[in-house]
**Student:** 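Got a structure here, written out as structure tokens. Questions coming.
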Amino acid sequence: MNSLRFFVNRHRRKVLFTLGVVGGGYALYRFYSAQKERMLVLEQEEEAQRQADELVEIRLREHFESLQRMSDSSSLGAALDTLKDHLFEALDYTELTERLNKGKGHLNPHEKSQLWERLKILSFTKTVCALWAMTVLNLYTRTQLNILGRHFFINQARGFENLESVDQSIALCQQKFLGSADFLPQYGVTGLIVRMEKIVENVLESKHLREPLTIGELYDIFRRILNNFPSSSLHWINYVIPENGLLYQELSTATSTFGVSQLPRAVLSPFETERAKLEQLMAETRDVLLSNDFSVILKQSLKTVLDSMMDEFNTMFEGSAPSSIPLAKLLPPVAHASTVLLEHPTKNRFINIIGKLPQVQSFFALVYANAGGIS
């Protein structure tokens, strides 16, 4: 013991240095271990957050894709049926054709010419109105479902996951919101017809019924009519959507064409009061329709539908001689095109074509995410 004390006293500096090194090393080891454990916990938390983010992204994508599929089979079908009834009733030319058929040999040239001219205007107006309205209704219902879907997803993320407890008044709010797709077929179609008919009259003023037309020239007529219709939504917004949700509540009947039982379960969520929420949803929809980006995709969609429709005319008259056909003979297929354009979404290839446009898909991804990229 004395020898150890003597050794320590003799080598005090070295011993203290050694103890300091050992102690420092141990402290450094403990610090390293603690840091390593902390880093491991952070990595685990980051991995858990990454997996959670991936799960949210997957759910968002799946929900978004389901909404796009849903948009073609929800209120759009009922709206197209109503549009078809009202449009065909307003532009019915049955009486004209009957008078032309029964009046052979009895009508003077002036009367006959007037009837044919009226038939010409009605045929083109009917089909162009059908083309424009079908395209707008398609985009409108997609806008509605993506806005409603975003609200649902946000509410679900906040913990409102018990969909069975949805209050009936809230479901009614969403029913009326989705049912507002009927506004154009029920009310706006009258103003649309009046405006479109004036454009058709101006474009066809110089086109005589005996004038031979190629399919390319027929395409040009349709293109000119659509180009003369205002592209800015400021000029046609009131054909498509009521000025406010409360106005539509007054216009709507007690029973909507899109009932509560038909509401997709995926879009039901607990909202605030019915009137306030309906106003909010309608205001958001109006903002989207008034955006420049919506005008761009509408223009692209109209062009795509027109191109597709003219492909059917090309197929119809392919191989026929001569290549030019009198305008009068083109009127029946022109008028019939309106029926094809307004077929139910499950049979309507034009609706399918619009939904597959990359510009349309990108636009509604922004609407769903509410990313602020819409201008």
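Only heavy atoms go into these numbers, but all of them, side chains included; no hydrogens, no water, no symmetry mates. None of the values given here were measured: they were computed from a predicted structure.
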**Student:** Dump the intermediate steps for side chain to side chain contact (heavy atoms under 4.5 Å, CB included) on Leu139 and Phe364, then the final yes or no.
**Tutor:** CA-CA 9 Å; Leu139 299 177; Phe364 286 111; 4.0 Å; yes
**Student:** Can you tell me how far CG of Leu357 sits from OG1 of Thr304, rounded to the nearest 0.5 angstrom?
**Tutor:**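 Atom-to-atom, Thr304:OG1 and Leu357:CG are 4.5 Å apart.
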**Student:** Is it the case that one hydrophobic cluster holds both Val296 and Leu366, taking links as side-chain heavy atoms less than 4.5 Å apart, direct or via other members?
**Tutor:** no
**Student:** Can you give me the closest heavy-atom contact between Thr125 and Glu197, atom names plus distance?
**Tutor:** OG1-CA, 3.7 Å
**Student:** Residues in salt bridge (Lys or Arg N to Asp or Glu O under 4.0 Å) with Asp85, at least two apart?
**Tutor:**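 None.
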**Student:** Which pairs with one or both residues in residues 330-350 pass salt bridge (Lys or Arg N to Asp or Glu O under 4.0 Å), sequence neighbours excluded?
**Tutor:** Glu312-Arg349
**Student:** Quick one: closest heavy-atom pair of Pro185 and His86, and the distance?
**Tutor:**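 Closest pair (atom of Pro185, atom of His86, distance): O-ND1, 2.9 Å.
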**Student:** Quick one: do Thr285 and Tyr140 satisfy side chain to side chain contact (heavy atoms under 4.5 Å, CB included)? Show the steps, please.
**Tutor:** CA-CA 8 Å; Thr285 304; Tyr140 180 77; 3.5 Å; yes
**Student:** Determine whether a donor-acceptor pair (N or O, by modelled atom type, separation under 3.5 Å) exists between the side chain of Asn138 and the backbone of Met134.
**Tutor:** no
**Student:** According to the side chain to side chain donor-acceptor pair (under 3.5 Å) rule, which pairs have a member within residues 222-238, sequence neighbours left out?
**Tutor:**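 Counting only pairs at least two positions apart or across chains, the side chain to side chain donor-acceptor pair (under 3.5 Å) contacts touching residues 222-238 are Asp220-Arg223.
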**Student:** Using the rule given for side chain to side chain contact (heavy atoms under 4.5 Å, CB included), can you reason through Leu218 versus Val334, listing the C-alpha separation, both sets of side-chain angles and the distance that settles it, and then say yes or no?
**Tutor:** CA-CA 9 Å; Leu218 179 62; Val334 164; 4.2 Å; yes
**Student:** By ring-ring contact (aromatic ring centres under 6.0 Å, His included), which residues pair with Phe222, not counting sequence neighbours?
**Tutor:** Phe124
**Student:** Nearest 0.5 Å, what's the OG1-CG distance between Thr82 and Leu137?
**Tutor:**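 With rounding to 0.5 Å, OG1 (Thr82) is 9.5 Å from CG (Leu137).
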**Student:** Mind checking side-chain hydrogen bond (donor to acceptor under 3.5 Å, both in side chains) for Glu284 and listing every partner two or more places apart, or none if nothing turns up?
**Tutor:**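 Testing Glu284 for side-chain hydrogen bond (donor to acceptor under 3.5 Å, both in side chains), a comparison that skips the adjacent residues, returns Arg150, His151, Gln280.
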**Student:** Not counting sequence neighbours, which residues clear salt bridge (Lys or Arg N to Asp or Glu O under 4.0 Å) with Glu111? List them please.
**Tutor:** none
**Student:** Measure across Trp116 and Leu209 and return the closest heavy-atom pair with its distance rounded to 0.1 Å.
**Tutor:** CB-CD1, 3.0 Å
**Student:** Minimum heavy-atom separation for Gly355 and Arg142, please, with both atom names.
**Tutor:**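 So the two residues come closest at CA-NH2, 3.3 Å.
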**Student:** Can you pull out every salt bridge (Lys or Arg N to Asp or Glu O under 4.0 Å) where at least one residue sits in residues 119-132? Sequence neighbours excluded, please.
**Tutor:** Glu117-Lys120
**Student:** About how many Å separate CD1 of Ile354 and CD of Gln300, when rounded to the nearest 0.5 Å?
**Tutor:** 10.5 Å
**Student:** Is it true that a side-chain atom of Asn202 and a backbone atom of Lys198 form a donor plus acceptor pair closer than 3.5 Å?
**Tutor:**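 Such a contact is found between Asn202 side chain and Lys198 backbone.
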**Student:** Using the rule that two of Ile, Leu, Val, Met, Phe, Trp, Tyr join whenever any of their side-chain heavy atoms come within less than 4.5 Å, decide whether Ile237 and Trp132 are in one cluster.
**Tutor:** yes
**Student:** Just so I know, are the side chains of Leu213 and Ile221 near enough to count as touching, which here means a heavy-atom distance under 4.5 Å?
**Tutor:**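 Yes - at least one pair of side-chain heavy atoms lies under 4.5 Å apart.
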**Student:** Same cluster or not: are Leu234 and Val240 linked, directly or through other Ile, Leu, Val, Met, Phe, Trp or Tyr residues, by side-chain heavy atoms under 4.5 angstrom apart?
**Tutor:**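 Yes, same cluster.
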**Student:** Please check if the side chain of Asn348 supplies one atom and the backbone of Leu341 the other of a donor-acceptor pair under 3.5 Å.
**Tutor:**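 Answer holds: yes.
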**Student:** Could I get the full list of salt bridge (Lys or Arg N to Asp or Glu O under 4.0 Å) partners for Glu201, not counting sequence neighbours?
**Tutor:** none
**Student:** Using only atom types and a distance under 3.5 Å, with no angle test, would you say the side chain of Ser301 pairs donor to acceptor with the backbone of Ile297?
**Tutor:**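 Yes: the side chain of Ser301 pairs with the backbone of Ile297.
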**Student:** Taking C-beta and beyond as the side chain, do Phe363 and Val288 meet within less than 4.5 Å on heavy atoms?
**Tutor:** yes
**Student:** Does the side chain of Ser338 come within less than 4.5 Å of Phe88's, by heavy atoms?
**Tutor:** yes
**Student:** Has Gln144 got a side-chain atom pairing as donor or acceptor with Phe177's backbone, closer than 3.5 angstrom?
**Tutor:** yes
**Student:** Applying the side-chain contact (heavy atoms from CB on, under 4.5 Å) test to Leu131, which of Leu226, Ile225, Val136 qualifies?
**Tutor:** Leu226
**Student:** Atom OG1 of Thr214 and atom OH of Tyr219: how far apart are they, to the nearest 0.5 Å?
**Tutor:**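 Nearest 0.5 Å value for the OG1-OH distance: 13.0 Å.
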**Student:** If the condition is side-chain hydrogen bond (donor to acceptor under 3.5 Å, both in side chains), which residues does Tyr93 pass it with, not counting sequence neighbours?
**Tutor:** none
**Student:** Quick one: pull up CD1 in Ile325 and NZ in Lys329 and give me the separation to the nearest 0.5 Å.
**Tutor:** 8.5 Å
**Student:** Checking Ala337 now: which residues fulfil side chain to side chain contact (heavy atoms under 4.5 Å, CB included) with it, not counting sequence neighbours?
**Tutor:**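 Expected list: Thr127, Met309, Phe313.
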**Student:** Write down the atom of Gly191, the atom of Tyr239, and the distance for their closest heavy-atom approach.
**Tutor:**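 Heavy atoms of Gly191 and Tyr239 come nearest at O-OH, 3.6 Å.
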**Student:** Going by the rule salt bridge (Lys or Arg N to Asp or Glu O under 4.0 Å), which residues pair with Lys207 if we only count those two or more places apart in sequence or in a different chain?
**Tutor:** Glu211
**Student:** Would you compute the distance between atom CD1 of Ile241 and atom CG of Leu184 and round it to the nearest 0.5 angstrom?
**Tutor:** 11.5 Å
**Student:** State, yes or no, whether a side-chain contact exists between Leu80 and His344 at a heavy-atom distance under 4.5 Å.
**Tutor:** no
**Student:** Are any side-chain N or O atoms of Thr315 and backbone N or O atoms of Asp311, one a donor and one an acceptor, separated by less than 3.5 Å?
**Tutor:** yes
**Student:** Show, in sequence, the C-alpha distance, side-chain angles and deciding distance for Leu192 and Phe229, and conclude whether the side chain to side chain contact (heavy atoms under 4.5 Å, CB included) test is met.
**Tutor:** CA-CA 10 Å; Leu192 172 65; Phe229 192 82; 3.7 Å; yes
**Student:** Give the minimum heavy-atom separation between Phe294 and Thr143, together with the two atoms involved.
**Tutor:** CE1-OG1, 4.1 Å
**Student:** Are Leu115 and Leu327 joined in one hydrophobic group, where the rule is that I, L, V, M, F, W and Y side chains link up if heavy atoms are under 4.5 Å apart?
**Tutor:** yes
**Student:** Just by distance, do the side chain of Ser362 and the backbone of Gln359 share a donor-acceptor pair under 3.5 Å?
**Tutor:**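 Not a single qualifying donor-acceptor pair exists.
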**Student:** Keeping to residues at least two apart or across chains, list the salt bridge (Lys or Arg N to Asp or Glu O under 4.0 Å) pairs with something in residues 87-103.
**Tutor:**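 Matches after skipping sequence neighbours: none remain.
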**Student:** Same cluster for Leu290 and Met282 if Ile/Leu/Val/Met/Phe/Trp/Tyr side chains link at under 4.5 Å?
**Tutor:**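 Yes, one cluster joins them.
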